[in-house]
Amino acid sequence: MIELRDVSFAYPETDALRRIDLRIEEGDSVAIIGPNGSGKSTLLRLICGLATSVSGSYRFDGEAMTAARLSDPRFAKAFHRRVGFLFQDSDAQLFCGSVYDEIAFGPRQMGLCEADFDGRVADLVGLFGLRAVESRVPYHLSGGEKRKVALASVLALNPEVLCLDEPMGGLDPRTKSSLRALIATLNAAGKTIICATHDFEYVEGLFRRAVALSREGRLVRDGPYDEIMGDRDFLEAMNII
């Protein structure tokens, strides 16, 4: 479903990813791990079409994901309906005047009729326990509430692929446990989960694979999650734990 070949990406001041080869099948669950600055967020942004590589190729479901294709509004709209992205910083994702409008924004942009997206928003508001803040401005919510609203807004489009950038950040232990259960349920239902994380306590058992990036932005390990996470010498040497 997702195939990166020899992909590199650079910011003006630094190289972020170097010659990444990665293949992710439909329904897979993959944890992206690595020290701070290793390019985990950048890799997710590339997969989600929010950035394009400076070299190499990226294909999604057999389609070449080039800058030209992603600049086509019709193509980009269809692609972003299939691939959802939860930002590490919820404030970067929230901009509407109420929680309801935030969750409804995506379905509205995709042209769903109000009767359809109203029921979808109601379901997500209930799922995330947001009824008490449904009419409030997201900016005024707590960090954990913002996280819930951001994730609900992503799920409102019912994407096939979920890219989650440190989804447990800013959440209390109870909410982390609830989110963990939700991610497991979504994956069991067939959704592809790709998650950058260092909160290993709360993601234990969620992923079949781990992809490890070095501080230089190179892919250095790709294999069974339990096997890689059980190699403490490797994790300590890479400054992952």
Side-chain angles (χ1 to χ4, degrees), residues 1-5 7 20-32 40-53 57-67 69-88 90 93 102-113 116-117 119-124 127-128 147-168 178-197 203 205-211 222 225:
M1 188 178 200
I2 292 168
E3 186 175 21
L4 283 74
R5 290 187 177 179
V7 164
I20 301 293
D21 289 310
L22 178 64
R23 184 181 180 92
I24 298 174
E25 303 293 344
E26 183 177 359
D28 208 347
S29 55
V30 182
I32 301 173
K40 299 187 297 295
S41 296
T42 301
L43 180 55
L44 287 181
R45 291 175 64 84
L46 283 169
I47 291 172
C48 293
L50 300 179
T52 52
S53 61
S57 65
Y58 169 29
R59 302 185 76 85
F60 179 83
D61 209 12
E63 184 87 34
M65 303 299 294
T66 64
R69 291 296 279 149
L70 288 166
S71 66
D72 177 349
R74 190 171 184 178
F75 177 83
K77 188 175 183 179
F79 173 71
H80 290 303
R81 186 169 187 170
R82 298 182 68 187
V83 182
F85 182 40
L86 179 70
F87 286 73
Q88 184 174 355
S90 298
Q93 197 156 356
E102 197 70 62
I103 300 172
F105 180 82
R108 278 175 174 154
Q109 292 298 109
M110 294 300 171
L112 295 185
C113 69
D116 288 338
F117 71 66
R120 189 175 296 187
V121 172
D123 288 343
L124 288 164
L127 176 65
F128 286 97
R147 204 72 174 149
K148 292 178 183 179
V149 175
L151 183 54
S153 70
V154 173
L155 293 179
L157 288 173
N158 194 27
E160 300 166 39
V161 179
L162 276 171
C163 293
L164 309 174
D165 195 355
E166 301 290 357
M168 302 295 179
S178 297
L179 178 54
R180 182 196 180 286
L182 175 62
I183 294 171
T185 298
L186 292 169
N187 186 233
K191 296 194 183 299
T192 305
I193 308 293
I194 309 168
C195 178
T197 185
V203 300
L206 274 182
F207 305 106
R208 286 184 283 277
R209 284 172 63 194
V211 170
D222 181 359
Y225 180 88

Going through the checks in order, is the side-chain contact (heavy atoms from CB on, under 4.5 Å) test met by Leu155 and Leu182? CA-CA 11 Å; Leu155 293 179; Leu182 175 62; 4.1 Å; yes
If you take all heavy atoms of [X] and [Y], which pair is closest and at what distance?
X: Gly84; Y: Pro159; result: N-CB, 3.6 Å
X: Glu102; Y: Val149; result: CG-CG1, 3.8 Å
X: Glu25; Y: Met1; result: OE1-N, 3.9 Å
X: Ile193; Y: Phe207; result: CG2-CE2, 4.1 Å
X: Pro167; Y: Ala196; result: CD-O, 3.8 Å
X: Ile47; Y: Cys163; result: CG2-SG, 3.8 Å

Can you find a heavy atom in the side chain of [X] that is under 4.5 Å from one in the side chain of [Y]?
X: Ile103; Y: Phe128; value: no
X: Phe79; Y: Met65; value: yes
X: Ile194; Y: Leu44; value: yes
X: Lys148; Y: Leu179; value: no
X: Asn187; Y: Leu206; value: no
X: Ile24; Y: Val161; value: no
X: Leu46; Y: Ile20; value: no
X: Asp61; Y: Arg82; value: yes

side-chain contact (heavy atoms from CB on, under 4.5 Å) partners for Met110, two or more places apart: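 side-chain contact (heavy atoms from CB on, under 4.5 Å) list for Met110, sorted by chain: Lys77, Arg81, Leu157.
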Kindly assign one of parallel, tilted or perpendicular to the pair Phe60 and Tyr58, based on the angle between their ring planes and the thresholds 30° and 60°.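 If you compare the ring of Phe60 with that of Tyr58, the planes turn out perpendicular.
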Does atom CZ (Arg5) have a neighbourhood of more than 12 heavy atoms from anything else shown, all under 6.0 Å?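 Not more than 12 within 6.0 Å, no.
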Interatomic spacing from CD1 in Ile32 to SG in Cys195 - rounded to 0.5 Å: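 Rounded to the nearest 0.5 Å, the CD1-SG separation comes out at 8.0 Å.
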Distance (rounded to the nearest 0.5 Å) between Arg180 CZ and Thr185 OG1: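 Taking CZ in Arg180 and OG1 in Thr185, the distance rounds to 10.0 Å.
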Side-chain donor/acceptor of [X] to backbone N/O of [Y], under 3.5 Å:
X: Ser29; Y: Arg208; result: yes
X: Gln93; Y: Phe85; result: yes
X: Arg209; Y: Asp222; result: no

Is there a side-chain contact (heavy atoms from CB on, under 4.5 Å) between Asp72 and Arg69 once you walk through the steps? CA-CA 5 Å; Asp72 177 349; Arg69 291 296 279 149; 4.0 Å; yes
Can Lys40 and Asp165 be counted as an ion pair, charged N to O under 4.0 angstrom?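 Salt bridge between Lys40 and Asp165, a charged N being under 4.0 Å from a carboxylate O: no.
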Answer yes when Glu3 and Arg59 have at least one side-chain N-carboxylate O distance shorter than 4.0 Å, and no when they do not.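 Looking at Glu3 and Arg59, the cut-off is not met.
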Step by step, would you call Leu162 with Leu86 a side-chain contact (heavy atoms from CB on, under 4.5 Å)? CA-CA 8 Å; Leu162 276 171; Leu86 179 70; over 6 Å; no
Pair Arg147-Met168, side-chain contact (heavy atoms from CB on, under 4.5 Å): steps then yes or no: CA-CA 9 Å; Arg147 204 72 174 149; Met168 302 295 179; over 6 Å; no
